[in-house]
Structures are given as C-alpha cells and as structure tokens.
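Please read the structure below before turning to the comments.
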Number of protein chains: 2
Amino acid sequence: MPEKATTAECLCIGDELLIGQTVNTNAAWMGEQLSLVGIRPVLTRVVGDDRERIMQALRNSTADVVLITGGLGPTKDDITKHVLSEFFETKLVHNPAVEAHITALFTRMGQAPKQVKQADLAQAMLPADCTVLPNELGTASGMWFEREGRVFVSMPGVPYEMKGLMSVSVLPKLKERFRPSSIIHRTIRTTGMGETQLAQRIADWETGLALDDVTLAYLPSPGLVKLRLSTYAGKDPDEARERIDRQAEALYKLVPELIYGEGHMRLEEAIGKLLKGQGSTLALAESCTGGYLSHLVTSVPGSSAYFIGGVVSYANAVKMEELGIPSDMLELNGAVSQPVVERMAEGVRQALRSDWAVATSGVAGPDGGTPEKPVGTVWIAVAGPHGVSSSMGVFMGTRELVIRRSAIAALNMLRKRLLQLV
Amino acid sequence: MPEKATTAECLCIGDELLIGQTVNTNAAWMGEQLSLVGIRPVLTRVVGDDRERIMQALRNSTADVVLITGGLGPTKDDITKHVLSEFFETKLVHNPAVEAHITALFTRMGQAPKQVKQADLAQAMLPADCTVLPNELGTASGMWFEREGRVFVSMPGVPYEMKGLMSVSVLPKLKERFRPSSIIHRTIRTTGMGETQLAQRIADWETGLALDDVTLAYLPSPGLVKLRLSTYAGKDPDEARERIDRQAEALYKLVPELIYGEGHMRLEEAIGKLLKGQGSTLALAESCTGGYLSHLVTSVPGSSAYFIGGVVSYANAVKMEELGIPSDMLELNGAVSQPVVERMAEGVRQALRSDWAVATSGVAGPDGGTPEKPVGTVWIAVAGPHGVSSSMGVFMGTRELVIRRSAIAALNMLRKRLLQLV
C-alpha cells in the first residue's frame, strides 16, 4: 500500500463488547467500508464505558480518521458524549432540531410529546463545537469533530443506526474530505489444497504481482483458501482493473482445478450453478457427514431445482436396506471402505433416480478410530452417468471439523467430475 | 467488580480483521472466558500484520494479562513470532518435540515425513525464553511469556485452535497464576419461549435475585435463551454456591418445561442423553430442514448409539417412494401440511424401524411462499410408541434462520414427547 494512504482507527465503546456478550460486528463492517473507499484501517480499540479509558484511547489515537461507536444511549452508563466534550474542551448545548426529531420519533411510536422522558430529551444536548449528523433511526445523533487536520466521528453502537449514519453522511463526507484513491479488489476462491502448499505452487506468480502494484492476501478457512487481489485505482480505475484482471487470468491458468468461484460465492452455490447449467440432478448418501452435506446443498436458495434428496445411513441396517449394500460386503471391508462408499453412491443414485450421487463414510471421532483407520479417515465416492469414482482422505481437527472438511472435499470431488477435471 | 481485580487485554493480529474480511469472534469468546474465571477484560486491540504496530501495542499494554492471537501461520505475512522474540529480547530456537508433533500431523494426513514443507517445519522454531503450550489441533504452538509479574500469551488466530489452547492450558494456568477472586456461575438453558416473553414470566423471580446477591444475564441466540446466574464467591464459596442453587431451584419450579440443560449442554446433546437413558432409537425425515436436523443430532459424539438414520425427502418422489406418502395426499394437501408431515414421521419410523421419528416440512424461503403458507411456515411431527403428534409454526428471518429455528423447534418437540410433557 502507498505511504500516503489515509489511515483510520475504530474506537468501540461498551462493556458488553469486552465481556463477549456482543460480538463486535461494527468494527468489521466499518473496516470493510473504509477499505472499499480507499481509507486504510490500521487499528481497532474496544474499551468499556469508562471515562479514563476512553480519554486515554482518544489521546493515543494517531490516525487521520477516528470512528467512535457506542456509549450514546440515554442511560447513566452512556458517557461517550460527556467524555468527548471534555476531550475537545467544549460544552453540551441544547439542539432544538434534534429535540424536535426525538419528539417526532416517540410520537410515531404512539407517545404524546409530554410523555417523552427527560432522559430521551437529554439526547438533544450535544457538544457546541461539532457538526451534528442527523440519525433518522434513533435518538442518538452522530458527531463530527475536526482537529488539526484529523477527523473524529462519534456514532451510536446499535449496528443499523451506525450503518445508516455511515452510509448517509460519514462515508460521503470522508470521501469528500480526504479524496482517497479508491482500492479495487478481486477475491478468488480455491479449494483442494492447503495454504502452505498453494503458496508454494503460486510463489512465482505472487512475486510477479508487485510489477502490477497488486497485493495478495491469503484468507484461509477450513477446507478453503480465498486469495484477495488488491490495487489502488489512482487516476485511472480502468487501467487498475486491467492490472487486477491480468493477474487473475494468470492465476486461473496456474491453478484452474482449484478455483471454484469468486467474491462471496460458496462452493455449494458453485455446484448448484453447475448442476442447473447441465440440467442434472443430485442425490446424497451420508454416513460420517451425518446430514451436513445435505444441509450445505439445501442451504442454497432454489436448490430444490436440482437436489432430489438424500439418505443419512448411520446404522448399517440403513446402508443395507435403503442403499442395497450386501451385508457380506460390510462384514468383509467394514463401513469405512472403498467398496462400501462406492456402493452407497450407486445405491442412492438408483434409489432416488438422480443423475449424480455423492457418498461419504468415515470416522468423524472423537472415538471409533483404529490403527488402520484413525479418526479423520473418510472415504468419498461420486457416482454419475459415466460410473463411480472414489478417494480417501484423513482430515484433521475436532469431530465438527472432520465433518466440515470431508463435506467440502466431497463437494469438490463432485465439482471436478461435473467439470470433467477428473 | 472489586478494585484489585486482575485485568486482561486482548491483542488480535491480522489484516483480515481490520478490513472486515473476518469478524473478530475470538475477542468476544476470550472476553467471556476471562470474565467467567474472574479476570476483568479492559481493552481489546486489533492491529494488522505489521511489525511496528504490533511492537507499539505490546509496549503500550498495561494489563496483568495480555492475550495475543493471530499471525502464527506458516506464510510470509505471519510475523507475530518474530516480533515477540524482538520485544522480549530472545531468539528463535528449534523445538524437537514440536517438530515431531508437526510431522505426526502431516503423516496422519498421509504425507511422508520427507514431504513435509520447510514452511511447516519452521513452525517448530520458537522463542527460547517462553513456555511452549502444545497445540494438538494445528502446527502453531502457544507461547507463554512472563515479565515483571505480567503474563503475555500468544495463540493462533484459528478460532478452534485458540479455544483448544485456552481451555486446555491458558485458562487453568491463569487461574493458578493469579487466583482471581472467583465468580460462581450457573448457566441454565431454555428453549420454546422468546427473550421478552420469558423475561416477563420470570420478572418477580429476577427481582428477588438481589436478595441473594445474584446477578442475571440473558444470553439469547436463535431459538434459545441462556440464563446465566453469577455471584462472587468471596470468603465462602459453599455459601455462594448455595445462594446460586437456591435461585436456580426456584427457576426450575417456575419454568420447568422450558429448561433443557445447563452449562454447555446443547439441545441435541440433551436429547441424546434422553434417548440413551431410555434405550430408544431415532430416525428423521427432513424436507425444509434439508439435513440440518440430522447434522445437529450426529454432531454429538456417540450419537450412533441411538441415531439410526434419516431421509432428506426434498423431491415429492422421495416422499412417496422412501416414506410411503400417497400421491393423492400430496396433491390434496400439498407437501407443507399436517397429514403429510405426520405420514413422513410414521413412514421413516417404519422404514428405518426406530422407536421415535421426527419429520419437518415447510417453506424455508426466500421463494415459495403463498398467502396461505408464507415463507417460514413449517410443519413438525413426532412419531413414537404412543402415536404421532404435530404442530405448525411460522419462523422469522432468513432461509438460514428458518432452517435453524425449525430444527430447534423440532428437537424441542421430541424432547417434550420423550419427557411426556405433552
């Protein structure tokens, strides 16, 4: 990133954030919005509703922009407004426009103006020395302070009120005030190879990114690695877009079989698109994934267009009766075996008359592992118009993760069959 | 909190947190865990993978305990380990035990020791001057530093690895090291009534808690409300425990049918216990929940003892052929109807020969709603030794939430049948 990027920090105020009763989604959302307009988030701080801690955080702040959320409610423990007045050496003055807005809000909720509580009307007392940002959605106004070329903005902690203020006034004002050179992103989603191995495979390409002023971020999650390409648009956004696309194209050439989508596309959505596009249907036979694979497939809106159904064959009796696995095959090989998982896939494909079928059988753990078949051992089979294929993997982590990772591996195996990559 | 409470701050490292690609759930979880053992979280900081910013945060830290997460991966941009060595003026040394652990991890995944990448083996290089905390679930070890009576702990940012380290070694070591004036908690888990309605129903009881110096926290999540009772142990833990138990007992008398468990017990675990205890078996027939119900049931270790299997009957053909629903019944009532869902439950109970069976059929959305059956309409049936019962609910929210809420309602209906509450 260039040296002169406008920097921002978030100061989130609230005990509930510190003790984990509320997850700080505000900071994530603000960070994303700032990045999208080319302002660089460099620090997030969370402090309690505590005068000294808030003062300290304000004093220690160094970024060009300081976005402050929380502590603007009408109750005693909300002190942000008072601490800000102290920090900026100003005082609270009555704002008639805000009081009118507050009264109107309560009238809309069916209260007579007289009934509006003093505590709520006190929300109209605001620092003399700031630009008040109207909050259509609540009683706590936004406050915009400028000091020595730096901007401090105070907003309520209620996510939808904060988002409203950010979208309607804060982000536009920041863009106007700092004119940041906007950043262009492109996120390419991969599966089937771990972060380390992937990094080695694309090392040369990664080195070459610098020539196009493109930066790369690895964003791994269980079974998946997202690669986010970023560059500054500068004067010529089209030219920047070209640089990103050029590098993305090179990546597609380098690891075509690993890429299943871009942006927010999930693997199960990508498979849905493929099945829809080919007019094919899918059925599932799950043992160790226990319904999770079906859940992923059906979590996609409109999946009923291609997903016929599935069998969760936990007990061997179900494998035999619903999927037609011969009992001697189970005795001979055990449920976690290549012949059984392939028969499961073929069995459910026949029973539900689908074009494609995927089956899983493994040891999710924590118990049930053996020296030959340790916890995490999973057999996966895909049956389709041109026959059945299968593979075995050993997946790391908790029961939850073994289930998740094997489900993703199963979806990826289906994806490759659908694309005839295998 | 008492004045001399042990204080803690979290330092979360990672660009992905700053730019909002990842929501910082780690800080929330750590904050909750710290509070639960009587350590007071006073500050959370999030910085990027940037040497100077990490150094600055370490220098400015003042709390008794500093929990550091992230930046311990094997790739170039992970620099936490190096910055810590610099800050604590020590150097990285090779740790044979950790290397053996890493090699073992990859061997389990089917890689020959020779194939293990240098980058991964480099995870065995750790600061000389720290206590290494073994990480069973990954290649990044935890690091425990002590300086001038303060403790710094570095952990991976991958949530399940961090949680593993916290639970197994960090929290126990912190308790031993600081002996915080302990807080006694008891968390009682309820389902079947929303937060507001529940609060009204137990209002008088809640008022009475003050007499026993017990505080109450509502911890709502989709379909569930946890009630956490807390009090300081002070000099006499037994007496404090008595106060908590006395109040808990009163709550049990007040809302017996809503309480399904305590502590970390999940609803699906509670049902597992009940089925095991009664020596009964379960089968599932899912339409709108699409496998999610099976996933919840099979996410419980040892569920194969009572869960036989399930059918995800997305297409009507599957409802007819696998579950024996007459086609005219489907035509007459539609799939989302009382007769169909009851027949689904009875059908899967017969087909899989289980003692109990649960079925769901509804409109998960976002499409497929009608004036009579809007999105969120879900029929649930439970079939058991004494016949079948069913009920209809309309669940709010996204497709994901409708699926989750209806699955929880289905589990709760089974729970009540098993306990003969209905």
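In what follows, chains carry the letters A, B, and so on, assigned in the order in which the sequence lines appear, proteins first and then strands, with residues in each chain numbered from 1. Predicted, not measured: the structure shown is a model, and the values here were computed from it.
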Worksheet entry | Residues that A:Tyr306 engages under ring pair (Phe, Tyr, Trp, His ring centres under 6.0 Å), provided they are two or more places apart | none
Item to complete: Under 4.5 Å heavy-atom distance to chain A, tell me which part of B:Glu322 shows up: side chain, backbone, both or neither.
Response: side chain
Worksheet item: Checking heavy atoms, do the side chain of B:Tyr160, its backbone, both or neither come under 4.5 Å from chain A?
Response: side chain
Worksheet entry | Most chain A-contacting option - heavy-atom pairs closer than 4.5 Å, from B:Gly310, B:Ala315, B:Gly31 | B:Gly310
Worksheet item: Checking heavy atoms, do the side chain of B:Leu352, its backbone, both or neither come under 4.5 Å from chain A?
Response: side chain
Worksheet entry | Side chain, backbone, both or neither of B:Pro74 within contact of chain A (heavy atoms, under 4.5 Å) | side chain
Item to complete: Heavy-atom distances under 4.5 Å only: say whether B:Leu219 touches chain A with side chain, backbone, both or neither.
Response: side chain
Worksheet, complete the sentence: Note: vs chain B, highest number of non-hydrogen pairs under 4.5 angstrom among A:Arg353, A:Met30, A:Met392 is A:Arg353
Worksheet, complete the sentence: Honestly, the part of A:Gln56 sitting under 4.5 Å from a heavy atom of chain B is neither
Worksheet entry | pair A:Phe307-A:Leu275: side-chain heavy atoms closer than 4.5 Å | no
Discussion item. For a 4.5 angstrom cut-off between non-hydrogen side-chain atoms, does A:Leu209 reach A:Thr215?
Written reply: no
Discussion item. For A:Ala351, which atoms come within 4.5 Å of any heavy atom of chain B: side chain, backbone, both, or neither?
Written reply: both
Worksheet item: Side chain, backbone, both or neither: which part of A:Thr377 has an atom under 4.5 Å from a heavy atom of chain B?
Response: neither
Worksheet item: Tell me, side chain or backbone of B:Ala57 under 4.5 Å from chain A's heavy atoms, or both, or neither?
Response: neither
Worksheet, complete the sentence: Counting heavy-atom pairs under 4.5 angstrom with chain A, the leader among B:Val23, B:Ile19, B:Leu17 is B:Ile19
Worksheet item: Just wondering, do A:Leu11 and A:Val47 contact through their side chains at under 4.5 Å, heavy atoms?
Response: yes
Discussion item. Taking side chain as everything from C-beta outward and backbone as N, CA, C, O, which of these in A:Asp367 sits under 4.5 Å from a heavy atom of chain B? Side chain, backbone, both or neither.
Written reply: neither
Worksheet entry | Contacting moiety of B:Arg53, where chain A heavy atoms sit under 4.5 Å | side chain
Discussion item. Counting heavy-atom pairs under 4.5 Å with chain B, which one of A:Thr187, A:Val394, A:Thr44, A:Val375 comes out on top?
Written reply: A:Thr44
Practice prompt. Check each atom of B:Arg399 against the heavy atoms of chain A and say whether the ones under 4.5 Å are side chain, backbone, both or neither.
Written response: side chain
Worksheet item: So B:Val311 and B:Leu323, side chain to side chain contact (heavy atoms under 4.5 Å, CB included) or not? Walk me through it.
Response: CA-CA 8 Å; B:Val311 173; B:Leu323 302 174; 4.2 Å; yes
Practice prompt. Between chain B and each of A:Ala199, A:Ser304, A:Cys12, A:Gly48, count heavy-atom pairs under 4.5 Å; write down the option with the most.
Written response: A:Ser304
Worksheet, complete the sentence: Assert top hit (heavy-atom pairs under 4.5 Å, partner chain B, pool A:Val42, A:Asn60, A:Ile403, A:Asn316) equals A:Val42
Worksheet item: Do A:Leu36 and A:Glu32 come close enough that some side-chain heavy atom pair is under 4.5 Å?
Response: yes
Fill in: Derivation and outcome, salt bridge (charged side-chain N to carboxylate O under 4.0 Å, His left out), residues A:Arg45 and B:Glu9
CA-CA 10 Å; A:Arg45 262 183 290 208; B:Glu9 59 186 86; over 6 Å; no
Discussion item. Could you go through B:Glu16 and A:Lys226, starting from their C-alpha distance and side-chain angles, then the distance that decides it, and tell me whether this counts as salt bridge (charged side-chain N to carboxylate O under 4.0 Å, His left out)?
Written reply: CA-CA 11 Å; B:Glu16 72 281 7; A:Lys226 285 181 283 178; over 6 Å; no
Worksheet item: B:Leu282 and B:Ser354: side chain to side chain contact (heavy atoms under 4.5 Å, CB included), yes or no, with the steps?
Response: CA-CA 5 Å; B:Leu282 174 66; B:Ser354 62; 5.7 Å; no
Worksheet item: More than 12 heavy atoms of other residues, nucleotides or ligands under 6.0 Å from CD of A:Glu400: is that the case?
Response: no
Worksheet item: Is the backbone N or O of B:Gly138 less than 3.5 Å from a side-chain atom of B:His101, with the two atoms forming a donor-acceptor pair by type?
Response: yes
Practice prompt. Quick one: which of B:Asp77, B:Leu137, B:Ile308 has the most heavy-atom pairs under 4.5 Å with chain A, could you say?
Written response: B:Ile308
Worksheet item: Is the number of heavy atoms from other residues, nucleotides or ligands under 6.0 Å of B:Gln118 CD greater than 12?
Response: no
Response to the item:
Okay, A:Pro374 and chain B: the region with an atom under 4.5 Å from a heavy atom over there is neither
Worksheet item: In terms of heavy-atom proximity below 4.5 Å to chain A, should B:Asp15 be classed as side chain, backbone, both, or neither?
Response: neither
Fill in: Heavy-atom proximity to chain A below 4.5 Å, by part of B:Val318
side chain
Practice prompt. Select one option (side chain, backbone, both, neither) describing which atoms of B:Thr281 are under 4.5 Å from chain A's heavy atoms.
Written response: neither
Acceptor/donor pairs from residues 288-300 of chain A side chains to any protein atom, 3.5 angstrom cut, sequence neighbours excluded:
| unit_1 | atom_1 | unit_2 | atom_2 | d |
| --- | --- | --- | --- | --- |
| A:Thr289 | OG1 | A:Glu286 | OE1 | 2.7 |
| A:Thr289 | OG1 | A:Thr360 | OG1 | 2.7 |
| A:Tyr292 | OH | A:Arg404 | NH1 | 2.7 |
| A:Ser294 | OG | A:Glu286 | OE2 | 2.6 |
| A:Thr298 | OG1 | A:Ser294 | O | 2.8 |
| A:Thr298 | OG1 | A:His295 | O | 3.2 |
| A:Thr298 | OG1 | B:Gly290 | O | 3.0 |
| A:Ser299 | OG | A:Arg266 | NH1 | 3.1 |
| A:Ser299 | OG | A:Leu296 | O | 2.6 |

Worksheet item: Where do A:Val363 and A:Val336 land on the side chain to side chain contact (heavy atoms under 4.5 Å, CB included) test, with the steps shown first?
Response: CA-CA 7 Å; A:Val363 188; A:Val336 181; 4.1 Å; yes
